[in-house]
2 protein chains.
Amino acid sequence: MLETERHEKILKLLKEKNTVKIHELVELTASSESTIRRDLTYLENRKFLKRVHGGAARLQGKLQEPSMIEKSSKNHQAKQKIAKFAVGLIEEGDSIYLDAGSTILEMIPHLPENIVVVTNGMTHLPLLLEKNIRTYLIGGFVKPSTKAIIGRDAWASLQHYRFDKCFMGVNGIHPHFGFTTPDQEEATIKELAISLSREAFILADDSKFTEVAFAKIADIEAATIITNELERDIEKQYEEKTVIKVVTS
Amino acid sequence: MLETERHEKILKLLKEKNTVKIHELVELTASSESTIRRDLTYLENRKFLKRVHGGAARLQGKLQEPSMIEKSSKNHQAKQKIAKFAVGLIEEGDSIYLDAGSTILEMIPHLPENIVVVTNGMTHLPLLLEKNIRTYLIGGFVKPSTKAIIGRDAWASLQHYRFDKCFMGVNGIHPHFGFTTPDQEEATIKELAISLSREAFILADDSKFTEVAFAKIADIEAATIITNELERDIEKQYEEKTVIKVVTS
DNA sequence: TTGTTTTTGATTAAAATTGATTAAAAATGA
DNA sequence: TCATTTTTAATCAATTTTAATCAAAAACAA
């Protein structure tokens, strides 16, 4: 049985019964106890359930459905591909900066183990720790909406590090206005992270191109762009300024 | 039957009947009397019911089903009282440091809104943000087991702040050896936090007294102790060295 | 195909939960 | 009141569950 299939079954049963025993799941899915245990840890890390002694319980905060649906959207497919490609650029022993944000989050499951990660995204932590990756969080103000760490202190805190590579998402990419994002404070952090890295990579699906958001992060020249399919004429506008990697399926 | 499952059944029956006998629950859940007793103690600690001779009764005040998300810890009751008292010391406009740890976590639901919080405990964030409290996280290495932020960088990051009050838990309190904790790196952070605060408070239930752990945080004189009931002679050993507040129920 | 990575299942020692047993405490009834 | 019965808390051994390893199997890539 496929891993995803098991996960779905587990969640389905959990939804019906509010609580499931490991043994029930072993029967239901005809897999070993070890596998079910791994599935449960996996699902718990992603906030789909709470593990309890002997099984798992549904969590009341029930943020359940939406993210499952989210994962099947086509936008998500693109993000996945881009993220996976980006991870391919990382080498063993690298120290990298991972920006907060959902695209970057997709990179984490594919990361190699023996690297050092610095991030400003609190939401990345559970998965990073699950993968046993040595992780540093920068300090500063916690932005309530996104749980990203920003502000003066974050800026100062980030100064302590140097990176082989950094990866980040943006809201707008424009030949003239460069990389942009709606929040000025976040832009400042991103800009600094880029300047502290030997190489910088911007992950963005095609919807971000020719868009401009409020706060400028950097010029196009400052980073390599990783994106999914892109019309040839748009691509041309950028390839004379920087490297642009188009991930083909 | 799963522990969680039993708890749900117990509460359900209690809701219907307003009062249940131990024997009824033994039958209902097909578990032993010992187990049911333990369940009742647990549920009473979390304020889900009141134990009475021979069974349990529904509590009048409020009956809360929603937050049945189980928190694990032994002396929940004592911690609650201590935490609540500690919050009473905070004044509007204060800037405070909240150490990582489960006792301190209990303070958060009771905190006033217009304060500024700095913390090294990632696990505190969801609750803090839910309460709309302005929160700063210090930067540094994320300790996988506890998700506390520690290390050199944490130390440097913490230096950026000053506090009106700081609150922390410890593992050992001893008249001669002072406050101690098992992890050297955590001790360093705690020590610094204390020195950055106008007033420092140690929250500890009675089990921590006369215990000594590996790494020293500070001398007894450095902080006010908040605890639950304490034998008079033990209390005496400390009260000549510092202020010790005993929270009586 | 071959070699490499990922997933799986079995094994084990450690940890947590359970149920039985006990002595102490609380309720009951004369 | 006191003796009797019921309930409780505390302890401990037995059982169950868990996390951690590791080798086999499967999936994948060259």
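First the proteins, then the strands, lettered A, B, ... as listed; each starts at 1. Values below: all heavy atoms of this structure, side chains included; hydrogens, waters and symmetry mates excluded.
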Electrostatic pair B:K79-B:D205, nearest N-O below 4.0 angstrom: no

Measure the OG1-NE2 distance between A:T19 and B:H7 for me, rounded to the nearest 0.5 Å. 11.0 Å

From B:K12 atom NZ to B:L14 atom CG, the distance as rounded to the nearest 0.5 Å: 12.5 Å

What orientation do B:F209 and B:Y238 show, parallel under 30°, tilted 30 to 60°, or perpendicular over 60°? perpendicular

Give me, pair by pair, the N or O atoms of the protein and of nucleotides 14-24 of chain D that are less than 3.5 Å apart, along with how far apart they are.
from, atom 1, to, atom 2, distance (Å)
D:dT17, O4', A:H53, NE2, 3.4
D:dT17, O3', A:G54, N, 2.9
D:dT18, OP1, A:V52, O, 3.3
D:dT18, OP1, A:G54, N, 2.5
D:dT18, OP2, A:R37, NH1, 2.4
D:dT18, OP2, A:R37, NH2, 3.0
D:dT18, O5', A:R37, NH1, 3.1
D:dA19, OP2, A:R51, NH2, 2.5

Roughly how far, to the nearest 0.5 Å, is the CD1 atom of A:I133 from the CG atom of A:L129? 9.0 Å

Range on DNA chain C touched by chain A, heavy atoms, distance below 4.0 Å: C:dT8 to C:dT17

Looking just at side-chain N and O atoms, do A:T224 and A:K245 make a donor-acceptor pair shorter than 3.5 Å? no

Relative to each other, are the rings of A:F201 and A:F167 parallel, tilted or perpendicular (30° and 60° limits)? parallel

